[in-house]
> 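Dumping the structure here so I can ask a few things about it.
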There are 2 protein chains.
Amino acid sequence: MKTDCRNCPLRRLEVFHPMSTSEVDFMRKFKMGEMAVEAGTPILSEGGNAPQIYTVLSGMGLRAKLTECGRRQVINFVFPGDFIGLQAGVMGEMTHSVEASTEMTLCVFDRKAIWQVFREHPERAFDLTWLAAIEEHFLGETLLTLGQRDALQAVAWALHRIARRGLSLGLMEAGVMPLPYRQQDLADALGLSLVHTNKTLGKLRDRQLATWAESVLRIHDVGGLAELAMVENDAPMRRPLI
Amino acid sequence: MKTDCRNCPLRRLEVFHPMSTSEVDFMRKFKMGEMAVEAGTPILSEGGNAPQIYTVLSGMGLRAKLTECGRRQVINFVFPGDFIGLQAGVMGEMTHSVEASTEMTLCVFDRKAIWQVFREHPERAFDLTWLAAIEEHFLGETLLTLGQRDALQAVAWALHRIARRGLSLGLMEAGVMPLPYRQQDLADALGLSLVHTNKTLGKLRDRQLATWAESVLRIHDVGGLAELAMVENDAPMRRPLI
DNA sequence: CGGTGAATTGATGTCAGTCAAGGAGGGTGG
DNA sequence: CCACCCTCCTTGACTGACATCAATTCACCG
């Protein structure tokens, strides 16, 4: 039922910093339970002030903000190992919402326990800050993409980043991984129209770089994708897992 | 020469959380010195791993990332009270650079002292995380702007945000504040061309909303600006000062 | 079998980028 | 004191990338 932190499948991945057994024990105490949600479920909502924070054990979702005029900006995609609700945890209010794109299972923590972490486990508190800093880093990259890359480069960049993440999480095998989003989600993430996103995906397919269809992403040429997106093709930075 | 934290002029502003005298004493110990830089000086550079971190005492600057192909994305503008170098502090590497747009004076802290903060002053460590979280919030807003607003709305949004910040920092008097950037900086922040930014500023002037010339920003109609930018016209959230 | 949500494709329009030229101010050196 | 650069701002003309509109197909489902 409830996955024991000692057997957490994520912690075995090498993208994540190793944890001492005492740290794991602390996390176990800190973990309130597990939550399973269906695809489409809102997990945290913008402006909300939920008493719980989560880390993703499995499944995928997305963070997004809505404008009054009905438009939507996808902030980023949520993958296993991601921590959700840090903003609510420290600032008392979410400034974006998070929703599930597939079934997800989440580890649930009590928001108030964050204080306890800062008082009793400075190393873990440091890790929280690390996560926030790395999040800032990723948002900066995204900003660079929206501001400076054209549609083809932007889509290439997005698929490349997703592929690297998938690889580091063991979701990808032989250049193939599940990618259960709609084209509209990618369009909203890159500030492009659905139609243009579709046509741009077509170009990447024609160029034999990547194919995304029926919720499956196939990377045919990582190097070419990276080159087009003008990014390095190196592995993502190791990071803490909460 | 060196401003004593006990007399820090910024701490008196109500945007910042009040600090107990013991907290102020700790910050004093933590502060290594003060640095004055000229306009145009790079303070931290992308990929760098500086041993120092800073908070801005006076002056303005900007954070930016560069692409290989010579383009530039301005991440945001740096104002008094801003903390610089958190990424280097926790992750060991800056993912954007920071440079001065005017003369600036910076409080200098030792990067290694961050650890000490986490061990000895959990409340201050919490504040650091708060800062990271609020930064994430701002980047999310910017992302929304680049992705979903057209040029006129985007420029209005940027000027509105700058004006709110200026007001909360006491830089603005009667709708007028110094804004010592180039139009190119704003263009690079919004992902627009210099030419189009210029023309868009012209439209805002014609509409009697705001005028920005000769490094001075004049807001003629905050409400109208907020409405055009589709944002609330409320005061910025109070935040910690490090 | 109708209905709904997603992907696809073509036709048309427009917002913003690019190119080009000129002007205003400030600094430097003859 | 004037000629010269240099940086930044300004404006007009042209172009193109991307948005919008519209129609079709397909899969899934009650």
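Given the structure is predicted, the values throughout are model-derived calculations rather than measurements.
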> Taking 5' to 3' order, which nucleotide of DNA chain C is first and which is last to have an atom within less than 4.0 Å of a heavy atom in chain A?
C:dA6 to C:dA11

> Applying side chain to side chain contact (heavy atoms under 4.5 Å, CB included), name anything that partners B:A229, two or more places apart in sequence or on another chain.
B:A156, B:W157, B:V231

> Which pairs would a plain distance check flag for residues 209-216 of chain B, meaning a side-chain donor or acceptor within less than 3.5 Å of a matching protein atom at least two apart in sequence or in another chain?
from   : atom 1 : to     : atom 2 : distance (Å)
B:T211 : OG1    : B:H220 : NE2    : 3.4
B:W212 : NE1    : B:L179 : O      : 3.1

> Only counting residues at least two apart or in another chain, list the ones meeting side chain to side chain contact (heavy atoms under 4.5 Å, CB included) with A:A132.
A:L86, B:A132

> Taking only residues two or more places apart in sequence or in another chain, which ones pass salt bridge (Lys or Arg N to Asp or Glu O under 4.0 Å) with A:E141?
B:K65

> Over the length of the helix from C:dC1-D:dG30 to C:dG30-D:dC1, how much do the five-pair end axes diverge, rounded to 10 degrees?
30°

> Suppose the criterion is ring-ring contact (aromatic ring centres under 6.0 Å, His included): which pairs have a residue in residues 165-209 of chain B, not counting sequence neighbours?
B:F77-B:Y181

> Between the protein and nucleotides 6-9 of chain D, list every N/O to N/O distance that falls short of 3.5 Å.
from  : atom 1 : to     : atom 2 : distance (Å)
D:dC8 : OP1    : B:R182 : NH1    : 3.4
D:dC9 : OP1    : B:Q183 : N      : 3.4
D:dC9 : OP2    : B:Q183 : N      : 3.2

> Looking at residues 147-157 of chain A, who's got a heavy atom less than 4.0 Å off DNA chain D?
A:D150, A:A151

> Residues in salt bridge (Lys or Arg N to Asp or Glu O under 4.0 Å) with B:R218, at least two apart?
none

> Got a sec, which residues hit salt bridge (Lys or Arg N to Asp or Glu O under 4.0 Å) with B:R71, two or more places apart in sequence or on another chain?
none

> List in chain and number order the residues that pass salt bridge (Lys or Arg N to Asp or Glu O under 4.0 Å) with A:R239, two or more places apart in sequence or in another chain; answer none if no residue qualifies.
A:D82

